[in-house]
Amino acid sequence: MRLVIDTNILISALLASKSLPAHLIDLWRAGRFDLLTSVEQLDELMRVTRYQKIRERLTPALAGRLINELRDVAVLVPNLPTVTISPDPYDNYLLALAAVGMADFLVTGDKHDLLGLKLYEGTKIITVREFLVLNRGMP
């Protein structure tokens with residue numbers, strides 16, 4: 001199984017170690033699915049984890065560890081095409097990543113833009129909770 005996890009979920013996992021997003025990351029680390037990422041997502045993670053409001057709650061070392069782990073262990077999908085489907089243009093790279101990487105799921109908390117699409121190029125767009133229930137991964 002192949003997943004794209006929205007950056008907001010990755011940040012949530014770092015901020016709350018006992019959360020559903022953190023459990024999702026634990027399942028990835030346990031080999032339950034392949035996680036797809038891209039240079040665009042790694043860049044976004046580096047940028048977002050430098051925001052003052054995030055740095056107040058998250059150590060740079062913890063953020064750096066996740067970024068390095070993604071770079072080293074996740075499936076890096078290169079050369080994403082331009083996609084203009086999402087109402088939020090900053091989310092389009094996630095849709096491109098899901099399509100090119102042939103993801104089964106795009107897991108997000110973005111209710112206004114991505115979740116409303118429900119499906120893109122064969123990738124189901126769902127919440128963390130929905131994914132965990134579907135795949136019997138609930139803690």
Side-chain angles (χ1 to χ4, degrees):
M1 183 175 357
R2 297 166 71 84
L3 262 68
V4 171
I5 299 177
D6 195 342
T7 304
N8 64 34
I9 301 297
L10 296 172
I11 297 294
S12 295
L14 290 175
L15 292 173
S17 63
K18 301 292 183 198
S19 63
L20 292 180
H23 183 63
L24 181 65
I25 298 305
D26 289 342
L27 292 175
W28 166 56
R29 288 176 174 146
R32 296 275 299 272
F33 57 84
D34 290 327
L35 178 58
L36 306 175
T37 194
S38 65
V39 170
E40 293 83 352
Q41 185 171 45
L42 295 172
D43 289 347
E44 182 180 35
L45 266 170
M46 285 188 275
R47 186 180 68 254
V48 169
T49 56
R50 289 186 183 125
Y51 292 166
Q52 184 62 34
K53 66 181 181 180
I54 301 293
R55 288 180 57 187
E56 290 171 359
R57 299 181 53 205
L58 180 67
T59 66
L62 186 59
R65 226 177 359 258
L66 178 63
I67 292 166
N68 289 336
E69 187 176 13
L70 287 169
R71 190 178 289 124
D72 295 342
V73 182
V75 177
L76 187 65
V77 178
N79 305 320
L80 298 182
T82 300
V83 171
T84 58
I85 301 299
S86 176
D88 181 350
Y90 295 109
D91 288 336
N92 280 313
Y93 83 89
L94 292 168
L95 296 170
L97 175 58
V100 172
M102 296 181 289
D104 298 292
F105 298 98
L106 166 54
V107 180
T108 184
D110 188 338
K111 294 178 180 139
H112 300 292
D113 300 312
L114 292 175
L115 286 169
L117 296 174
K118 295 186 186 342
L119 187 71
Y120 179 72
E121 299 283 324
T123 299
K124 293 179 184 121
I125 303 170
I126 62 176
T127 65
V128 174
R129 182 176 300 282
E130 289 170 324
F131 176 80
L132 293 174
V133 168
L134 278 173
N135 292 283
R136 295 178 176 83
M138 288 296 286

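Numbering of residues begins at 1 and proceeds along the displayed sequence.
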OG on S38 to CG on D43, rounded to 0.5 Å: 8.0 Å
Side chain to side chain contact (heavy atoms under 4.5 Å, CB included) evaluation trace for L27 with N135: CA-CA 11 Å; L27 292 175; N135 292 283; over 6 Å; no
Summary of salt bridge (charged side-chain N to carboxylate O under 4.0 Å, His left out) pairs that have at least one residue in residues 66-78, sequence neighbours excluded: R29-E69
Pairs touching residues 108-118 that satisfy salt bridge (charged side-chain N to carboxylate O under 4.0 Å, His left out), sequence neighbours left out: none
Any residue meeting side-chain hydrogen bond (donor to acceptor under 3.5 Å, both in side chains) with E44, in chain and number order, not counting sequence neighbours: T7, Y93
Which residues share a side-chain hydrogen bond (donor to acceptor under 3.5 Å, both in side chains) with D91, sequence neighbours left out: none
Nearest-0.5 Å distance, OG1 of residue T127 to CG of residue L20: 9.0 Å
More than 12 heavy atoms of other groups within 6.0 Å of M46 CE: yes
V75 backbone acceptor or donor facing R2 side chain under 3.5 Å: no
From L15 atom CG to I54 atom CD1, the distance as rounded to the nearest 0.5 Å: 5.5 Å
Salt bridge (charged side-chain N to carboxylate O under 4.0 Å, His left out) pairs, two or more places apart, involving residues 49-68: none
For S12, side-chain contact (heavy atoms from CB on, under 4.5 Å) partners two or more places apart: P21
Same apolar cluster (I L V M F W Y, side chains within < 4.5 Å links), L119/V4: no
CG-CD1 distance between L10 and I67, expressed to the nearest 0.5 angstrom: 9.5 Å
Close side-chain approach of L45 and I11, heavy atoms under 4.5 Å: yes
Verify same cluster id: F105, V77 (apolar side-chain graph, 4.5 Å): no
I5 reachable from L42 in the ILVMFWY side-chain graph, under 4.5 Å edges: yes
Pairwise side-chain contact, L132 with H23, heavy-atom cut-off 4.5 Å (strictly under): yes
Interatomic distance, F131 atom CZ to L3 atom CG [nearest 0.5 angstrom]: 4.5 Å
Single-linkage hydrophobic cluster, 4.5 Å side-chain cutoff, L80 and I125 together: yes
Atom of A22, atom of S17 and distance for their closest heavy-atom approach: CB-O, 3.4 Å
Where at least one partner belongs to residues 36-69, residue pairs that pass ring pair (Phe, Tyr, Trp, His ring centres under 6.0 Å), sequence neighbours excluded: none
Sequence-distant partners of S19, side-chain hydrogen bond (donor to acceptor under 3.5 Å, both in side chains), two or more places apart: none
In one Ile/Leu/Val/Met/Phe/Trp/Tyr side-chain cluster, 4.5 Å: V107, L114: no
Closest contact, heavy atoms only, L36 versus A103: CD1-CB, 3.8 Å
By side-chain hydrogen bond (donor to acceptor under 3.5 Å, both in side chains) - contacts of E121 (at least two apart): none
Connected-component partners of Y90 among ILVMFWY, side-chain separation under 4.5 Å: none
Main-chain N/O of L106 paired to T123 side chain as donor or acceptor, under 3.5 Å: no
Interatomic spacing from CG in D6 to CG in L94 - rounded to 0.5 Å: 5.0 Å
Those residues that, when tested against Y120, pass ring pair (Phe, Tyr, Trp, His ring centres under 6.0 Å) (two or more places apart): none
Minimum-distance pair of heavy atoms, taken over all atoms of L58 and A63: CD2-CB, 4.0 Å
Test item: N92 side-chain N/O and V83 main-chain N/O as donor-acceptor pair under 3.5 Å: yes
Which residues share a side-chain contact (heavy atoms from CB on, under 4.5 Å) with P78, sequence neighbours left out: none
